[in-house]
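Computation of the quantities below employed the complete heavy-atom set of this structure, encompassing side-chain atoms and omitting hydrogens, waters and symmetry-equivalent molecules. A, B, ... follow the sequence lines: proteins, then strands. Residue 1 opens every chain.
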Protein chains: 2
Amino acid sequence: MSSCETCVVRNRAICAGLDNQEINALNAIGRRRNVSAGEPLIWEDDDSLLVANVIEGVLKLTTSTEDGREQIVGVAYPSDFIGRPFGQTSKASVVALTDARVCVFSRNDFDRFARSHPGLEHKLLERTLAELDRTRSWMMLLGRKTAPEKIATFLLEMSERLAETGCTPITRGPATRFTLPFSRQQVADVLGLTIETVSRQFTKLKNEGVIDLPARRDVEILDRPSLVSLAG
Amino acid sequence: MSSCETCVVRNRAICAGLDNQEINALNAIGRRRNVSAGEPLIWEDDDSLLVANVIEGVLKLTTSTEDGREQIVGVAYPSDFIGRPFGQTSKASVVALTDARVCVFSRNDFDRFARSHPGLEHKLLERTLAELDRTRSWMMLLGRKTAPEKIATFLLEMSERLAETGCTPITRGPATRFTLPFSRQQVADVLGLTIETVSRQFTKLKNEGVIDLPARRDVEILDRPSLVSLAG
DNA sequence: ACGCGGCTTTGATCGGTGTCAATCGATCGG
DNA sequence: CCGATCGATTGACACCGATCAAAGCCGCGT
């Protein structure tokens with residue numbers, strides 16, 4: 001298998017600040033890989049051997065307790081980075097939620113490349129800081145919000161993220177209608193709830209006319225202001 | 001006020017990878033500042049004007065809802081970074097828990113300096129990645145753990161962090177006796193619980209002989225294995 | 001010593017969310 | 001078309017942790 005030219009080229013975000021020579025060098029160490037929905041890419045506590053850049057699709061980052069409780073600690077969309085550069089082990093499992101295409105690097109190769117290309121490291125730093133901000137605001141949700149607030153916040157977040165990452169046809173502004181890349185159980189794992197509570201809150205919002213649920217994973221936002229005020 | 005030489009010199013972590021000339025240059029743009037317990041350093045949603053390096057003391061990073069619920073989303077110990085480089089606004093408030101000394105940089109100065117010193121940016125990246133890992137494992141706690149599990153995890157974390165950051169006299173291995181830099185309410189804000197639940201769980205552990213509580217904020221771990229198994 | 005105020009502990013009760021179980025509904029293969 | 005299967009919904013109930021309220025403890029200033 002040859003190097004994956006389109007991997008890098010398609011992801012402008014990661015390339016900004018790199019010149020052509022650098023892009024070619026990065027190409028040389030990355031390989032494209034397809035991952036189908038449900039397939040794992042990295043296991044929790046594995047030696048951190050892989051780093052990857054998402055080209056297409058959505059993946060979940062999870063941690064679990066021994067007795068099987070799961071928490072989704074992050075969601076990776078196109079152009080996001082996954083894996084743990086400069087670390088010994090990965091603290092989270094990565095599993096594809098939808099069919100996905102990623103550009104995979106061996107961690108050693110990537111680390112070496114990054115250290116000698118400050119432009120790439122800077123980009124990576126900015127992304128990591130932004131991800132940390134998002135993660136922290138999610139802590140607020142997990143620790144202090146009620147189930148209705150969690151659901152409303154989640155729906156608003158999804159309508160923004162799916163639009164801006166090109167996972168829905170509309171690209172300007174938040175989407176009003178979109179397909180969730182999550183099952184009900186996975187929504188529960190994102191919000192720290194049970195599947196039953198998620199289901200009840202969804203149907204409650206539907207009955208109140210705030211949203212519509214045309215299909216299992218489809219959501220249409222009918223009354224965004226209500227949702228915003230419910231989100232708290 | 002002159003530049004704060006000791007700010008940088010004392011923090012070996014941030015200096016690794018910088019040569020003397022760079023350290024002097026960084027000195028020139030930073031100022032030492034004392035913050036007393038309870039005093040805020042950065043306000044949530046402020047324009048992100050400050051970046052700082054903790055020299056001594058412990059600070060909390062918090063986000064709040066409009067109706068006053070608070071969640072502590074991070075804790076900064078000596079040598080940790082606070083503030084948001086390369087970002088427009090700070091998403092969290094920073095308030096000192098104990099009297100603290102920090103080395104403050106204007107964000108613009110710091111950003112400019114960092115961009116031209118890859119060694120510093122690399123260090124910052126490693127720290128941010130480590131912080132992201134810690135934050136994610138805290139999400140697991142907030143979303144999926146019960147009150148007893150939260151308390152046990154918290155006590156174990158404190159015994160490790162306070163030892164390794166030099167906030168307790170013992171420096172090798174986790175501390176068995178330490179002074180919390182938190183009030184009961186603040187412990188509740190870290191764990192996503194109420195003050196009453198925290199108090200009840202503490203006294204329960206005391207009655208079971210797992211810990212002792214010699215003073216308001218002092219904890220002695222009597223039976224670490226129990227605590228580990230309770231943490232789940 | 002005394003009383004005051006803040007933080008903490010303890011008690012009684014309530015409600016939200018989890019748990020367990022049954023039903024429903026859509027998709028798929030025969 | 002029909003049953004099998006998997007995910008989602010709905011219902012009944014229990015329990016954990018929140019809420020409200022009172023008392024305790026400790027440090028502090030007078």
Side-chain angles (χ1 to χ4, degrees), chain A residues 37-38 60 65 67-72 95 97-98 140-155 179-208 211-220 230 232, chain B residues 37-38 60 65 67-71 95 97-98 140-155 179-208 211-219 230 232:
Chain A
K60 66 172 179 173
T65 53
D67 61 350
R69 284 171 287 175
E70 181 169 315
Q71 176 69 46
I72 294 182
V95 177
L97 292 172
T98 65
M140 168 80 231
L141 174 143
L142 290 173
R144 291 302 188 200
K145 290 195 176 179
T146 63
E149 288 172 332
K150 285 178 176 181
I151 295 287
T153 307
F154 171 79
L155 290 172
T179 300
L180 296 175
F182 302 101
S183 68
R184 290 289 185 272
Q185 180 60 61
Q186 286 160 352
V187 175
D189 290 340
V190 171
L191 299 176
L193 295 170
T194 58
I195 184 173
E196 294 93 336
T197 301
V198 171
S199 180
R200 279 186 248 270
Q201 295 297 331
F202 269 49
T203 54
K204 185 154 154 279
L205 288 176
K206 184 183 176 183
N207 292 338
E208 291 165 345
I211 61 170
D212 190 26
L213 300 169
R216 284 211 163 166
R217 293 189 172 206
D218 290 358
V219 178
E220 184 171 4
L230 283 170
Chain B
K60 65 171 180 174
T65 53
D67 61 350
R69 283 172 288 175
E70 181 169 316
Q71 176 68 46
V95 178
L97 292 173
T98 64
M140 169 80 232
L141 175 143
L142 290 173
R144 291 300 187 201
K145 290 195 176 179
T146 63
E149 289 171 332
K150 285 178 175 180
I151 296 286
T153 307
F154 170 79
L155 290 173
T179 300
L180 296 175
F182 302 102
S183 68
R184 290 288 185 271
Q185 180 60 61
Q186 287 160 350
V187 175
D189 291 340
V190 171
L191 299 177
L193 296 170
T194 59
I195 185 174
E196 295 93 335
T197 301
V198 171
S199 180
R200 277 186 249 269
Q201 295 297 332
F202 270 49
T203 54
K204 187 154 154 277
L205 288 176
K206 185 184 174 182
N207 292 338
E208 291 166 346
I211 61 171
D212 190 26
L213 301 169
R216 285 214 158 164
R217 292 188 172 207
D218 289 358
V219 178
L230 283 170

| note | Sequence neighbours excluded, the answer for side-chain contact (heavy atoms from CB on, under 4.5 Å) partners of B:Ser199 is none
| Roughly how many Å is it from CG in B:Leu191 to C1' in D:dG17, rounded to a whole number? | 13 Å
| Quick one: does B:Gln201's side chain have a donor or acceptor within less than 3.5 Å of a partner on B:Val198's backbone? | no
| message | Rounding to 10°, can you tell me the angle the first-five-pair axis of the helix from C:dA1-D:dT30 to C:dG30-D:dC1 makes with its last-five-pair axis? | response | 30°
| request: Round to the nearest Å and state the distance from A:Arg217 atom CZ to D:dT9 atom P. | output: 12 Å
| Can you list the residues that meet the side chain to side chain donor-acceptor pair (under 3.5 Å) rule with B:Asp218, with sequence neighbours excluded? | B:Thr179
Any protein N or O atoms within reach of nucleotides 3-6 of chain D? Criterion: under 3.5 Å, listing atom names and distances.
none

| task | Would you kindly give the CD1-to-P distance between A:Ile195 and C:dT19, to the nearest whole Å? | result | 13 Å
| message | Within residues 196-206 of chain A, which residues have any heavy atom lying less than 4.0 Å from an atom of DNA chain D? | response | A:Glu196, A:Ser199, A:Arg200, A:Thr203
| message | Under the rule for side-chain contact (heavy atoms from CB on, under 4.5 Å), what residues qualify as partners of A:Leu230, not counting sequence neighbours? | response | A:Ala152, A:Leu205
| query | Can you check the B:Leu97 CG to C:dC7 P distance for me, whole Å? | reply | 14 Å
| Judged by atom type as modelled, is there a donor-acceptor pair below 3.5 Å linking the side chain of A:Gln71 to the main-chain atoms of A:Val190? | yes
| said: A:Asp67: which residues meet the side chain to side chain donor-acceptor pair (under 3.5 Å) condition with it, sequence neighbours left out? | reply: A:Thr65, A:Arg69
| B:Leu193 CG - C:dT8 C1' separation (whole Å) | 16 Å
| task | Using whole Å, report how far CG of A:Asp189 lies from P of D:dA8. | result | 12 Å
| said: Tell me if a side-chain donor or acceptor on B:Arg144 pairs with a main-chain N or O of A:Glu70 at a distance below 3.5 Å. | reply: yes
| said: With the threshold set at under 4.0 Å for non-hydrogen atoms, list the residues of residues 180-187 of chain A touching DNA chain C in residue-number order. | reply: none
| said: Once ring-ring contact (aromatic ring centres under 6.0 Å, His included) is applied, do any residues pair with A:Phe202, and if so which ones, sequence neighbours excluded? | reply: none
| Does the side chain of B:Glu208 come within less than 4.5 Å of B:Lys204's, by heavy atoms? | yes
| message | I'd like to know if the side chain of B:Thr153 reaches the main chain of B:Glu149, judged simply by a donor and an acceptor atom lying under 3.5 Å from each other, with no hydrogens or angles considered. | response | yes
| message | Could you tell me how far apart A:Leu142 (CG) and D:dG17 (P) are, to the nearest whole angstrom? | response | 16 Å
| task | List for me each residue that meets side chain to side chain donor-acceptor pair (under 3.5 Å) alongside A:Gln185, sequence neighbours excluded, and say none if there are none. | result | A:Asp189
| request: Please name all residues satisfying salt bridge (Lys or Arg N to Asp or Glu O under 4.0 Å) with A:Lys145, sequence neighbours left out, ordered by chain then number. | output: none
| query | How long is the line joining CZ of B:Arg144 and P of D:dC16, in whole Å? | reply | 17 Å
| note | Residue set satisfying salt bridge (Lys or Arg N to Asp or Glu O under 4.0 Å) with B:Glu196, at least two apart, ordered chain then number -> none
